[in-house]
Amino acid sequence: MMINNLFLLAIAALGWGLSLATYRVFASKYNWPMGALHADLPAIPILIGTVSFLCGLGFAVALGADLGGWIIIGCGFLLAIFWTGFLRVGSQIALFLAPAAAFMLVIGWFGIQLGFGIQGWEGKTPGQLLKSDSDRSERFDDRR
């Protein structure tokens with residue numbers, strides 16, 4: 001398991017997204033104050049929260065259990081519980097934090113898929129990185 005920025009962003013996107021998607025339910029049940037967006041247009045924060053949650057969950061699943069996927073899910077749920085239960089009204093800031101974390105996670109995740117995590121990527125364009133990746137897979141197929 002390696003803790004890096006994407007690992008932490010996945011926890012943040014999962015936790016803040018879950019908190020954002022479920023805040024209205026808890027606020028209605030316990031008579032907590034709600035922001036105007038939660039009160040008037042609840043579909044928007046629920047959609048933002050769900051997309052952020054799914055980005056974090058997707059990264060955890062793609063990472064796998066051996067590399068810390070379960071830790072991302074567990075810590076994300078703990079963050080959501082803390083953020084909603086302890087901060088209450090402060091959790092409204094998740095309207096900004098959840099999509100920001102999800103966006104940065106997706107950008108970083110695409111960078112890995114394009115090969116920006118390998119040595120010598122600085123002098124290459126994304127097309128060259130993708131071509132070199134397909135060349136490696138063709139060589140692997142020739143060995144069979």
Tightest non-hydrogen contact, residues P33 and A27, listed as O-CB, 4.5 Å
Can you hop from F96 to W16 via hydrophobic side chains spaced under 4.5 Å?
yes
Working to the nearest 0.5 angstrom, can you tell me the gap between Y23 OH and S28 OG?
9.5 Å
Under a single-linkage definition using a 4.5 Å side-chain heavy-atom cutoff for Ile, Leu, Val, Met, Phe, Trp and Tyr, are V25 and I46 assigned to the same hydrophobic cluster?
no
Atom CG in L14, atom CZ in F77: separation rounded to 0.5 Å?
6.0 Å
Atom of A60, atom of I73 and distance for their closest heavy-atom approach:
CB-CG1, 3.9 Å
State the CG-CG distance between L95 and L37, to the nearest 0.5 angstrom.
5.5 Å
Check the pair L9 / W109 against side-chain contact (heavy atoms from CB on, under 4.5 Å), numbers first and verdict last.
CA-CA 10 Å; L9 283 171; W109 196 359; over 6 Å; no
For G15, is there any backbone N or O sitting under 3.5 Å from a side-chain donor or acceptor partner on S19?
no
Ignoring hydrogens, what is the shortest heavy-atom contact between A10 and F59? Give both atom names and the distance.
CB-CD2, 3.6 Å
Using the rule that two of Ile, Leu, Val, Met, Phe, Trp, Tyr join whenever any of their side-chain heavy atoms come within less than 4.5 Å, decide whether I81 and Y30 are in one cluster.
no
Can you see which heavy atom on L20 is nearest to which on A94, and at what distance?
CD2-O, 3.7 Å
Neighbour count >12 (heavy atoms, 6.0 Å) for atom CZ, F82
yes
d(L41 CG, L47 CG) to nearest 0.5 Å is 12.0 Å
Give the minimum heavy-atom separation between L63 and G68, together with the two atoms involved.
CD2-C, 4.4 Å
Spacing of OG1 belonging to T84 relative to CH2 belonging to W32, to within rounding of 0.5 Å
7.0 Å
Report yes if the side chains of L67 and F7 come closer than 4.5 Å at any heavy-atom pair, otherwise no.
no
Considering all heavy atoms of both residues, which atom of S52 and which atom of P99 are nearest to each other, and what is their separation?
OG-N, 3.6 Å
Reported CG-to-CD1 distance for the pair L79 and I11, which is rounded to 0.5 angstrom:
8.5 Å
With the 4.5 Å side-chain cut-off for hydrophobic clustering, are L78 and W83 part of the same group?
no
Is L105 reachable from V51 through a run of I, L, V, M, F, W or Y residues, each pair having side-chain heavy atoms under 4.5 Å apart?
no
